[in-house]
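First up is the structure itself, then whatever we jot down about it.
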Amino acid sequence: MKELPKAYEPQKYEDSIYKRWEDSGFFNPDNCEKAGFTDVAKGNFSMVLPPPNVTGTLHIGHASMLAIEDLVTRYKRMQGFKTLWLPGTDHAAIATQTKVEKLLIEKGIKDPKNELGRDKFLAEVEKFAQESHDTIINQCKKMGSSMDWSREAYTLDDKRNLAVRTVFKKMYEDGLIYRGYRLVNWCPRCKSTLADDEVEHKEQIAKLYTFKYSKDFPISIATTRPETKLGDTAVAVNPADKRFAKYIGQEFLIINFGGGADLKIKIIGEESVDLNFGTGAVGVTPAHSAADYEMAQRNNLPIIKIIDENGEMTKEAGEKYLAMSTKTARAEVVEWLKKNDLLEKEEDVSNNLSICYRCGYAIEPLPSKQWFIDVNKDFILPNSSIDGIKSGDRVTLKKLMQQVVNNKQIEIIPDRFEKTYFHWINNLRDWCISRQIWYGHRIPVWYCHGLDKGVCLPGCEKPIVSIDMPTKCPNCGSTDLIQDPDTLDTWFSAGLWSFSTLGWPKQTKDLADFHPTNLLETGYDILFFWVARMILMTTYTLGQVPFKKVYLHGLVRDEKGKKMSKSLGNVINPLDTIAQFGADATRLSLLLGNAPGNDLKLSEEKVEGFRNFTNKLWNISRFMLLNIPEPKIDINTPEPKTLFDKWILQQLNDTLNQVNASLDGYHFSGAGEHLRIFTWDLLADWYLEIAKIEGHKGEILNYILNTILKLWHPFMPFITEQIWAEVYGEQKMLIVEKWPKLEGNTFVEERVFDDTRLVRDIIAGIRNLRAENKIEPIKKLDAVIGAGAKLNLIKENFESIKALARLESLEIFEKAKKSPTAAGFVEGTIEVFIELSGAIDLDKEKERLQKEFESLTKFINGIENKLANEEFVKNAPAVVVEKERQKLQEAQIKLDKIESQL
RNA sequence: GGGUGAUUAGCUCAGUUGGUUAGAGCGUCUCGUUUACACCGAGAAGGCCAAAGGUUCGAAUCCUUUAUCACCCACCA
């Protein structure tokens, strides 16, 4: 007989358990296969880890992701799938570089990039990234993540770099990647472009100025950014606007606007102009507003760049403004307008400020020469495994992205996010992929005699796009080649993640075995950033989907529903909760009590609650082991001897069924809830108590213990593995045990459920009477039961009722009479009387019965009305009607008995 | 402006295709006898399922409208 320590102390076991798992090699699917733990019929299951950014440490959101993904991985592995969960980290270009810059500035280096230079600066970033990486890996292990570390990847390592260069070249040759001068989102602090979805919006109060360019200009306009008006080339009005339509087509010259440049303003008609907002006319600044840029394209307007990459005014704005900050320039322009009596109104409005998602600095839209991916251009897809698109068909990237979700080759869970996805794709514009930062994949493009430096021969202006560094210019033979200084958007390499991690561009066995991956599990906040980009890149490169299913989880918030942030001081660090309550409790708190795709509110109390549960499971196991003479690891479903044996085995089977269904349907919380109810409410509170009385349950307890440890393992890998080791020795590992098999339908007997319910209700009823009459627990009571048709049932469970209800004596008759000093209650068709002798308070007793009488009468009236309704009887399924009749009959019997007691 | 989600016990949330007298955890109140567990056990209180309409024999569940909150998207200058 094995005895466990009294309380479970996670800190004592977790690290050594993880080490045992790692040493076993079972995180690697090849080893599982070799050891015979996989089932060929099940096939393979693969999932990549959404690579955490190497910008620091893991937060609770990562912990939530790891908990879900490890749950899925362990479930699949135990089911016999050859299961791969592939880990890695993301270099997170801008984010990491920004972070390191900040750190260096804190260390006293004022302008890190300029002072250190590219190589030294990058060395600093790499050092930081390496440290972050190590921390992150350690944290993943603390959570219990069963990832195959032998396959670990990094978005910026050599293998991934080769994949990036290969895809870039292919896209360039297909004409999908082009270099163009266009309006981009520019962050003057990061000194780099941003993709459209990397721009965030923050509501703010701004001043709206209404003014005229000059005294004789016929139309007033309004703006929140007067300084940009120095770059205006048009005024747009709605063609339907009677006030202004007559001016459309006219041109005005404004000399020395704002004391700076001369403006040539053309009046154009644009239907998008709102007649009722502002003055009903828009000053058009093509170079510094996305909307205006598009108007300029449509109307052939000149584009004058008046703000540069530093966020300073250019000389195009006029000599006076050269190198002035936009803020100062704004004040200058306003001052000038006032002085010239052109300012008509100044008011507060709320508008959206565009800010950089990495550093929060205000975005400056400006025209710039950058690399783009064209999402609307068609190309030939040579090898297609996509339903509805044949190999050799002409498609666009947009079409591919729509098609694979439309045809359900990729299923998004919860499906409401499909709508969001389509909406995004429909509005998708060309993706700007070049970044002016240093940390990242250098663009595999070289220029003869350097970029924009001039051309030695006709043809030498053409960029040289190559996977490997070219030695000379193919046009003129010069060896003076200079690589494009820019790097790629971090999402470019992240987009290749599902297949670059499996060895592509080599045709590896992993690629054949594990691609497309089965599941992508990630947060809904990176649906566009990453999920959509992966779909784009993978369908383009391989003609395959990157994954068959996408499960999107919600964000972890604090107990009030606020986003966790350092400044609010409401951050819960997973490492802290692991240290305090254990990794299993931390995992449970992130898995349970939450619906798919919904945000989750977390508090320390919640984790503590689950710590209590882990300890409960430990003690349940401890008790069971005390009652299992010789625990066996392989044990078949035992033969039930008593009613409650049957009941608990049925309940267990039922639970297994529900757990399977919930997990297969991605209802992780539901699965855990079913398990918790079985473990605590049914097993611990009832069956174990009854087992103490009935005795000799070794085999059944053994079977139940094995089964619940297996079922709980994906949720709580540490404690379950530890108990397993305590019982069966460390060389036997739960991680590769077979998932329990479901018994057939013959295993279900309706009667068992009803009968046990009745016995439990009788016990609970007596306990209730005892509490209501304030009888000391130490005092044993005398009871009489009128069991009616259930005589045998009550007799069978005589000892259990007696012990659990704490009775001195129990008499069972078919019909029983109530003594005047007894309290009674009715359970189904059974009457129970408790002798209270002197202790009885007759008034209270009467009141209690009266109350029950009333509520029961109400209940009966309800059913009677229902049954009297012809429509109900006619239309409802027979089973439902029959059920109502039965309920009515039982209630009436009960009512009679209560009445007689009264 | 468009979209999505939430609204169920004091708090946090379940409630899977409409059919129970609507559930759980935490918290609250009473009480602690028992060969696992006080990180526990027993008992109890607590809900017009946001509001109003509609569909149906039957609605927390389906439809419409509204309200409040949160988030996402969008070129309101």
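The figures here come from the full heavy-atom set of this structure, side chains too, leaving out hydrogens, waters and symmetry mates.
- What separates CG of A/Leu555 from C1' of B/U4 is a distance of 14 Å, to the nearest Å.
- Residues A/Phe417 and A/Asp681 each lie close to RNA chain B; by heavy-atom proximity, the contact nearer the 5' end of the strand is made by A/Phe417.
- When rounded to the nearest whole Å, the span between CG of A/Leu4 and P of B/C37 equals 12 Å.
- Backbone-only contact: A/Lys601 has heavy atoms under 4.0 Å from sugar-phosphate atoms and none from a base.
- Note on A/Asp599: nothing from the nucleic acid sits closer than 4.0 angstrom, heavy atoms only.
- Remark: A/Arg225 engages A/Glu364 in a salt bridge, criterion side-chain N to carboxylate O under 4.0 Å.
- At least one side-chain heavy atom of A/Leu675 sits less than 4.5 Å from a side-chain heavy atom of A/Thr655.
- Across all strands shown, A/Ala7 has no heavy atoms under 4.0 Å from either base or sugar-phosphate atoms.
- When the C1' atom is compared between B/A74 and B/A9, the two are found 41 Å apart, to the nearest whole Å.
- The pair A/Lys207-A/Asp348 meets the salt-bridge criterion, since a charged nitrogen lies less than 4.0 angstrom from a carboxylate oxygen.
- B/G2 and B/A45: their C1' atoms are spaced 47 Å apart (whole Å).
- With respect to A/Lys780 and A/Glu808, no salt bridge is recorded, no charged nitrogen being found less than 4.0 Å from a carboxylate O.
- A/Arg676 and A/Glu673 are joined by a salt bridge, as a carboxylate oxygen and a charged side-chain nitrogen come within less than 4.0 angstrom of each other.
- Contact annotation: the side chain of A/Lys606 approaches that of A/Leu600 to within less than 4.5 Å [non-hydrogen atoms, C-beta and beyond].
- Checked against side chain to side chain donor-acceptor pair (under 3.5 Å), A/Glu344 has the following partners two or more places apart in sequence or in another chain: A/Ser220.
- Under 3.5 Å, the side chain of A/Arg611 and the base of B/C39 form at least one donor-acceptor pair of N or O atoms.
- We find that CD of A/Glu364 is positioned 16 Å from P of B/C75, with the value rounded to whole Å.
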For this session: State the dot-bracket string of RNA chain B. Criteria: Watson-Crick or G-U wobble, both atom distances under 3.5 angstrom; notation: ( ) intrastrand, [ ] crossing earlier pairs, | interstrand, . unpaired.
Result: (((((((..((((.....[...)))).(((((.......))))).....(((((..]....))))))))))))....
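- The residue A/Lys419 sits close only to the backbone: its heavy atoms come under 4.0 Å of sugar-phosphate atoms, none of a base.
- Residue contacts for A/Lys692: at a heavy-atom cut-off of 4.0 Å it reaches a base atom on one of the strands shown.
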Seminar exercise, completed: With sugar-phosphate taken as primed atoms, P, OP1 and OP2 and all else as base, the protein-contact string of nucleotides 53-62 of chain B at under 4.0 Å (heavy atoms; B, S, -) is ----B-----
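- When rounded to the nearest whole Å, the span between CG of A/Asp232 and P of B/A77 equals 14 Å.
- A donor-acceptor contact under 3.5 Å is formed by the side chain of A/Glu689 with the base of B/A36.
- Residue contacts for A/Arg676: at a heavy-atom cut-off of 4.0 Å it reaches the sugar-phosphate backbone alone, with no base atom in range.
- Under 3.5 Å, the side chain of A/Lys229 and the base of B/A77 form no donor-acceptor pair of N or O atoms.
- Under 4.0 Å is where a charged nitrogen must lie from a carboxylate oxygen, and between A/Lys692 and A/Glu689 at least one such pair does.
- For A/Leu602 and B/C11, the CG to C1' distance is 15 Å, given to the nearest whole Å.
- Remark: the A/Arg416 side chain and the B/U4 base include no donor-acceptor N/O pair separated by less than 3.5 Å.
- The residue A/Asp292 sits apart from the nucleic acid: no heavy atom pair falls under 4.0 Å.
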